[in-house]
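In what follows, a structure is listed as structure tokens, so that the remarks can point back to it.
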Amino acid sequence: MLMDRFDNTLNLLMFLVFTGFAVASFVIAAMVREDAYRAADKQTKKFWLILLGVNLALNLFLPGLLFLLIAGLIAAIVFMVDVRPALKQVMGGGGSSSDGPYGPYNGGR
């Protein structure tokens with residue numbers, strides 16, 4: 001009985017993490033302009049939207065297929081750690097955390 005509760009809790013936690021990550025990566029991919037993908041020399045926006053959209057659909061409608069969910073999670077991780085930083089750099093969003101809308105903030109110096 002305790003193991004069943006643990007398994008259910010673990011499954012729910014995995015569902016929430018995988019689905020949340022799938023939603024976040026899909027939304028980020030959808031918000032970036034198509035030309036940024038070409039400028040960053042990455043796959044097309046359509047490619048990433050299809051791949052991440054299928055991942056999201058699998059998470060929502062077929063959560064029992066763990067192998068496919070893990071494959072989709074890997075695709076989302078590749079997008080977030082490889083493609084997204086390249087897109088940010090191409091679009092000019094690669095500055096430091098102290099950069100404001102008109103350049104770096106130097107503390108009034």
Side-chain angles (χ1 to χ4, degrees):
M1 179 156 146
L2 183 61
M3 284 304 286
D4 289 338
R5 226 167 91 187
F6 176 76
D7 287 345
N8 290 339
T9 303
L10 185 61
N11 285 337
L12 177 63
L13 182 64
M14 281 183 14
F15 171 78
L16 292 175
V17 169
F18 283 21
T19 305
F21 201 68
V23 168
S25 60
F26 183 79
V27 168
I28 290 169
M31 291 175 59
V32 176
R33 298 185 327 256
E34 170 66 37
D35 60 330
Y37 287 87
R38 289 190 306 269
D41 199 27
K42 299 296 177 183
Q43 290 289 333
T44 63
K45 179 176 183 173
K46 185 178 181 179
F47 170 85
W48 283 107
L49 287 178
I50 290 171
L51 188 65
L52 298 171
V54 168
N55 176 33
L56 181 57
L58 286 173
N59 275 286
L60 292 175
F61 301 116
L62 298 172
L65 299 176
L66 190 60
F67 177 76
L68 291 176
L69 295 181
I70 291 173
L73 179 66
I74 291 169
I77 290 170
V78 167
F79 177 81
M80 293 297 258
V81 301
D82 180 45
V83 178
R84 183 177 178 224
L87 295 173
K88 284 179 76 173
Q89 186 175 19
V90 164
M91 295 183 347
S96 74
S97 62
S98 65
D99 285 356
Y102 308 109
Y105 176 72
N106 63 9
R109 290 177 241 154

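Note that the coordinates shown come from a computational prediction; the quantities given were computed from them, not determined experimentally. Only heavy atoms go into these numbers, but all of them, side chains included; no hydrogens, no water, no symmetry mates.
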Any chance you could measure [X], atom [atom1], to [Y], atom [atom2], to the nearest 0.5 Å?
{"X": "E34", "Y": "K46", "atom1": "CD", "atom2": "NZ", "result": "10.0 Å"}
{"X": "K42", "Y": "W48", "atom1": "NZ", "atom2": "CH2", "result": "8.5 Å"}
{"X": "L66", "Y": "I70", "atom1": "CG", "atom2": "CD1", "result": "4.0 Å"}
{"X": "I28", "Y": "K88", "atom1": "CD1", "atom2": "NZ", "result": "8.5 Å"}
{"X": "D4", "Y": "T9", "atom1": "CG", "atom2": "OG1", "result": "10.5 Å"}
{"X": "R33", "Y": "R38", "atom1": "CZ", "atom2": "CZ", "result": "10.0 Å"}

Heavy-atom pair with the smallest gap, counting every atom of [X] and [Y]:
{"X": "A76", "Y": "S25", "value": "CB-OG, 3.6 Å"}
{"X": "F26", "Y": "L49", "value": "CE1-O, 3.4 Å"}
{"X": "F15", "Y": "N59", "value": "CE1-O, 3.2 Å"}

Polar side-chain atom of [X] near backbone of [Y] as donor-acceptor pair, under 3.5 Å:
{"X": "K45", "Y": "V32", "value": "yes"}
{"X": "T19", "Y": "L16", "value": "no"}
{"X": "D82", "Y": "V78", "value": "no"}
{"X": "N55", "Y": "L51", "value": "no"}

- Message: Run the side-chain contact (heavy atoms from CB on, under 4.5 Å) test on M80 and F21 for me, step by step, so that the C-alpha distance in whole Å, both residues' side-chain angles and the decisive distance to 0.1 Å come before the verdict.
- Response: CA-CA 9 Å; M80 293 297 258; F21 201 68; 3.6 Å; yes
- Query: Can you name the one residue among V83, V90, T44 that meets side-chain contact (heavy atoms from CB on, under 4.5 Å) with Y37?
  - Reply: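 The passing option is V83.
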- Taking a hydrophobic cluster as the set of Ile, Leu, Val, Met, Phe, Trp and Tyr residues connected by side-chain heavy atoms closer than 4.5 Å, whether directly or through intermediates, do L12 and F6 fall within one such cluster?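 Each belongs to a different hydrophobic cluster.
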- For L69 and L58, run side-chain contact (heavy atoms from CB on, under 4.5 Å): C-alpha distance rounded to whole Å, both residues' side-chain angles, the deciding distance at 0.1 Å, then the answer. CA-CA 7 Å; L69 295 181; L58 286 173; 4.2 Å; yes
- Can you tell me if CG on D41 sees more than 12 non-hydrogen neighbours from other groups inside 6.0 Å?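 It does not: D41 CG has 12 such atoms or fewer within range.
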